[in-house]
Number of protein chains: 2
Amino acid sequence: MIELGEATVPAATVARLPYYLRALRDLAEAGVTTTSSSELAERSGVGSAQLRKDLSYLGSFGTRGVGYDVQSLAQYIASALGLGSEHRLAIVGIGNLGHALANYSGYAARGFQVVALLDADPQVVGGSAAGLTIEHVDALEDVLPRTGVSMVVLATPGPVAQAIAERIVGCGVREILSFAPVALQLPDDVVVRSVDVAGELQILAFHAAARAATNGTPR
Amino acid sequence: MIELGEATVPAATVARLPYYLRALRDLAEAGVTTTSSSELAERSGVGSAQLRKDLSYLGSFGTRGVGYDVQSLAQYIASALGLGSEHRLAIVGIGNLGHALANYSGYAARGFQVVALLDADPQVVGGSAAGLTIEHVDALEDVLPRTGVSMVVLATPGPVAQAIAERIVGCGVREILSFAPVALQLPDDVVVRSVDVAGELQILAFHAAARAATNGTPR
DNA sequence: ACTTGTGAACGTGTTCACAGCA
DNA sequence: TGCTGTGAACACGTTCACAAGT
């Protein structure tokens, strides 16, 4: 449960808002001006009741008997997601993945701007990616404040992630997206979202194994 | 809820098993032979009751008053996750991200093997990455069966993801890890795990906005 | 007539607290 | 004594079904 202004929004709802926003932008691009909870829900991969309930936590945006205005709902969700103001990102750990994330072109359209790249490898430091010079992670305490970073994407190897995360938090950053396969121990007021590719594959493997155990043993 | 043999395991529990496995392997590497639910839980970032409850769905592995044997518990979880058998992966969409995923070195250690890379861009097809030649996505129906792929990592642009996913499913693949920012509409027996980097950043932005609305308006 | 917005019912997942056992 | 394993209590999230509104 997350407080937003006077409202209080379930975390599960927040996690779905990006889906709704994407679906709305697709509709807008297709020239659609009005939509219904069922159409929007289908495009977002949720149930229509779920969608209406989610929106109800944020306010009341539709017209009964008609539906939702695509433009204004998109705008409202975008602003609820804090996408009005620019968010300045640093990417720490410019290996395979960090490099790919640096070159990802979808940030700007979504209100994010990559302003700093850091790595610990002397071979990498001084190089450039996505138009930025890669700086040494030792200078983190200098670079983050200087570039006005408000969020960090952490793409370092697992063993160093905890130590670097602590230094990042020391710089006042309170939002971290981590790709390191470790559970970061950080103060409660720091929000960490974690993406674990190997873990996702393992979950798929579990499903495959479960399938084999049920269907694969016919008779 | 997922059936596994005679047991039935909550999906939320399955999603945490990779964390436990990683923590156990870290412990094993550090030479620790026995651990407790509280130590393991702390390293996994969950509560100790949660960990014990999760394990209880799989069976009974500890010794009361003592704890868990690191080796044997790790082994059991690995086998529950289906990591005994090798899983053969194809990566479809060799852009920035697909390339990074192809070069990610953690697969082998976790029982996964990348056996095919596909892309639609003629500039990319024929090139090589991670020791494999990149094949054309048009040949998907030929490549997947030939290479014995059982899981696919989908890293294509959003607009083409749905169509390609359908073709993948047509080849008999039932487990897909998607990085495309769209809700894939696929048969119920297909398991899709979805990773959406931009969406994760938007969720962080929401938290930042919520923080600004509460703390940032003092007085 | 049609679709939203929402209380109430339901189901799933988490936490508690203690019985069971080494 | 100390830690696991687990029923029971609780919290959270989803779905239902309908009242409210245009």
Side-chain angles (χ1 to χ4, degrees), chain A residues 1-4 7-17 19-20 23-24 27 32-70 72-74 76-77 80 183 188 203 206, chain B residues 1-4 6-20 23-24 27 32-70 72-74 76-77 80 183 188 203 206:
Chain A
M1 227 65 135
I2 300 145
E3 302 262 338
L4 178 69
T8 166
V9 184
T13 293
V14 173
R16 280 187 295 267
L17 293 180
Y19 291 82
Y20 302 153
L24 284 164
L27 285 168
V32 177
T33 59
T34 300
T35 188
S36 65
S37 63
S38 43
E39 180 179 39
L40 192 50
E42 181 171 346
R43 283 174 178 262
S44 312
V46 305
S48 68
Q50 176 102 80
L51 180 128
R52 292 199 302 277
K53 177 64 91 180
D54 282 342
L55 293 182
S56 79
Y57 292 116
L58 299 173
S60 178
F61 306 101
T63 310
R64 291 169 197 236
V66 178
Y68 302 93
D69 179 75
V70 171
S72 64
L73 183 56
Y76 187 88
I77 294 179
D188 285 351
I203 293 169
F206 181 95
Chain B
M1 227 66 136
I2 300 146
E3 303 263 336
L4 177 70
E6 58 260 42
T8 168
V9 184
T13 294
V14 173
R16 280 186 294 267
L17 293 179
Y19 290 82
Y20 302 153
L24 283 164
L27 285 167
V32 178
T33 60
T34 300
T35 188
S36 66
S37 64
S38 44
E39 179 178 40
L40 192 50
E42 181 171 346
R43 284 175 177 262
S44 312
V46 305
S48 68
Q50 175 102 79
L51 180 129
R52 292 198 303 276
K53 174 68 67 178
D54 282 342
L55 294 182
S56 79
Y57 292 116
L58 299 174
S60 178
F61 307 101
T63 310
R64 291 167 199 240
V66 179
Y68 302 93
D69 180 75
V70 171
S72 63
L73 183 56
Y76 186 88
I77 293 180
D188 284 352
I203 294 169
F206 180 96

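Each chain gets a letter, A, B and so on, in the order its sequence line appears, and its residues count up from 1.
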Shoot me the first and last contacting nucleotide of DNA chain C against chain B, ordered 5' to 3', at under 4.0 angstrom to non-hydrogen atoms.
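Contact boundaries, 5' end first: dG13(C) to dA22(C).
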
Side chain to side chain contact (heavy atoms under 4.5 Å, CB included) with A41(B): which residues, sequence neighbours excluded?
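For A41(B) the side chain to side chain contact (heavy atoms under 4.5 Å, CB included) partners, ignoring immediate neighbours, are V46(B), S48(B), L51(B).
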
Using the side chain to side chain contact (heavy atoms under 4.5 Å, CB included) criterion, which residues pair with A74(B)? Sequence neighbours excluded.
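For A74(B), the residues satisfying side chain to side chain contact (heavy atoms under 4.5 Å, CB included) (neighbours in sequence not counted) are L21(B), L24(B).
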
Just so I know, are the side chains of L55(B) and L73(B) near enough to count as touching, which here means a heavy-atom distance under 4.5 Å?
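Yes - at least one pair of side-chain heavy atoms lies under 4.5 Å apart.
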
Would you say that L4(A) contacts V14(A) through its side chain, given a criterion of any heavy-atom pair below 4.5 Å between the two side chains?
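Contact flag for L4(A)/V14(A) side chains = no.
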
Hey, what are the protein-to-nucleotides 2-6 of chain D N/O distances that come in under 3.5 Å?
unit_1 : atom_1 : unit_2 : atom_2 : d
dC3(D) : O4'    : G65(B) : N      : 3.1
dC3(D) : O2     : G65(B) : N      : 3.1
dT4(D) : OP1    : S37(B) : N      : 2.6
dT4(D) : OP2    : S37(B) : OG     : 2.6
dT4(D) : O2     : R64(B) : NH1    : 3.2
dG5(D) : OP1    : S60(B) : OG     : 2.9
dG5(D) : OP1    : F61(B) : N      : 3.0
dG5(D) : OP1    : G62(B) : N      : 2.8
dG5(D) : OP2    : Y68(B) : OH     : 2.8
dG5(D) : O4'    : R64(B) : NH2    : 3.1
dG5(D) : N7     : R52(B) : NE     : 2.8
dG5(D) : O6     : R52(B) : NH2    : 3.0

What residues from residues 7-19 of chain B pass a heavy-atom cutoff of under 4.0 Å to DNA chain D?
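When residues 7-19 of chain B is checked for heavy atoms under 4.0 Å from DNA chain D, there are no hits whatsoever.
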
Report the residues that fulfil side-chain hydrogen bond (donor to acceptor under 3.5 Å, both in side chains) with [X], sequence neighbours left out, ordered by chain and then residue number.
{"X": "E39(B)", "value": "T35(B)"}
{"X": "S44(A)", "value": "none"}
{"X": "S72(B)", "value": "D69(B)"}

Kindly say if Q50(A) contacts the phosphate of dG13(D), meaning a side-chain N or O under 4.0 Å from OP1 or OP2.
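No, outside the criterion.
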
With sequence neighbours excluded, residues passing salt bridge (Lys or Arg N to Asp or Glu O under 4.0 Å) with R16(B)
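Partners of R16(B) under the salt bridge (Lys or Arg N to Asp or Glu O under 4.0 Å) test: D54(B).
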
Going by salt bridge (Lys or Arg N to Asp or Glu O under 4.0 Å), name the residues that satisfy it together with R43(B), two or more places apart in sequence or in a different chain.
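Expected list: none.
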
Minimum heavy-atom separation for Y20(A) and L40(A), please, with both atom names.
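Smallest interatomic distance, heavy atoms only, reads O-CD1, 4.2 Å.
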
So which atom in P18(B) and which in A15(B) form the shortest heavy-atom distance, rounded to 0.1 Å?
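That would be CD-O, 3.6 Å.
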
Please list, chain by chain and in numerical order, all residues satisfying ring-ring contact (aromatic ring centres under 6.0 Å, His included) with Y76(A), sequence neighbours excluded.
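For Y76(A), the residues satisfying ring-ring contact (aromatic ring centres under 6.0 Å, His included) (neighbours in sequence not counted) are F61(A).
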
Which angle, rounded to 10°, do you find between the first-five-pair axis and the last-five-pair axis of the helix from dA1(C)-dT22(D) to dA22(C)-dT1(D)?
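Taking the rotation axis at each end, their angle is 0°.
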
